[in-house]
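What's counted below: heavy atoms across the whole structure, side chains too, no hydrogens, waters or symmetry copies.
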Amino acid sequence: MTREQNQVIVEFIDLYRCEPCLWQVKSEEYHDRTKKDVAYSKLVKKLEELEPGATKKSVLMKINSLRSAYRKEKEKVEASKKSGASTDSIYKPVLWYYDLLEFLQDQDTPRTSRSNLGNEN
């Protein structure tokens with residue numbers, strides 16, 4: 001990727017961060033379709049700088065791609081911390097935009113599971 005393309009990705013992530021209705025699950029706005037559509041249209045305009053003819057679907061795919069890569073790096077960091085590695089040998093993320101997605105850190109925690117099986121005695 002060129003420096004200009006990277007800059008567009010940085011701006012895309014910044015726009016995404018400024019729209020909590022798209023990523024903050026516990027927010028009231030998260031369930032507001034009108035607000036989300038407006039936010040997605042902003043992201044489509046930004047993504048068109050990289051991909052002419054970008055659509056909401058391509059924005060969703062880009063977000064998913066960015067979040068997936070972030071999640072994988074985060075898992076590597078967590079695994080190295082759990083392994084009892086010294087602070088010097090904790091995995092350092094190589095993903096260049098990892099720090100930009102730190103705002104998602106508490107959004108990807110899995111829900112607690114509940115059994116759908118009744119307690120039968």
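Residues passing the side-chain hydrogen bond (donor to acceptor under 3.5 Å, both in side chains) test with Lys45: none are found, sequence neighbours excluded. Listed by chain and residue number, Glu4, Gln5 satisfy the side chain to side chain contact (heavy atoms under 4.5 Å, CB included) test with Thr2 (two or more places apart in sequence, or in another chain). Evaluation of the side chain to side chain contact (heavy atoms under 4.5 Å, CB included) rule for Ala79 yields no partner, not counting sequence neighbours. Partners of Tyr91 under the ring-ring contact (aromatic ring centres under 6.0 Å, His included) rule, at least two apart in sequence or in another chain, do not exist in this structure. With sequence neighbours excluded, no residue satisfies side chain to side chain contact (heavy atoms under 4.5 Å, CB included) with Ser65. Contacts of Asp14 classified as side-chain hydrogen bond (donor to acceptor under 3.5 Å, both in side chains), with partners at least two apart in sequence or in another chain: Arg17. Partners of Glu49 by salt bridge (Lys or Arg N to Asp or Glu O under 4.0 Å), not counting sequence neighbours, listed by chain and number: Lys46. Under the side chain to side chain contact (heavy atoms under 4.5 Å, CB included) criterion, Lys92 pairs with no residue at all, not counting sequence neighbours. Partners of Lys72 under the salt bridge (Lys or Arg N to Asp or Glu O under 4.0 Å) rule, at least two apart in sequence or in another chain, do not exist in this structure.
In plain terms, the two heavy atoms of Val77 and Pro93 that are nearest each other are CG2-CG, 3.7 Å. When all heavy atoms of Cys21 and Lys36 are compared, the pair lying nearest together is O-CE, 3.3 Å.
Residues Tyr98 and Lys74 form a side-chain contact, since some pair of their non-hydrogen atoms from C-beta on lies under 4.5 Å apart.
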Tell me which donor-acceptor pairs under 3.5 Å the side chains of residues 56-63 have, and how far apart each pair is, sequence neighbours excluded?
| residue | atom | partner | partner atom | Å |
| --- | --- | --- | --- | --- |
| Ser58 | OG | Thr55 | N | 2.7 |
| Ser58 | OG | Thr55 | O | 2.8 |

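Cluster partners of Val25, by chain and number: Tyr30. The rule joins Ile, Leu, Val, Met, Phe, Trp and Tyr whenever side-chain heavy atoms lie under 4.5 Å apart.
Residues in residues 22-33 take part in these salt bridge (Lys or Arg N to Asp or Glu O under 4.0 Å) pairs, two or more places apart or across chains: Glu29-Lys35.
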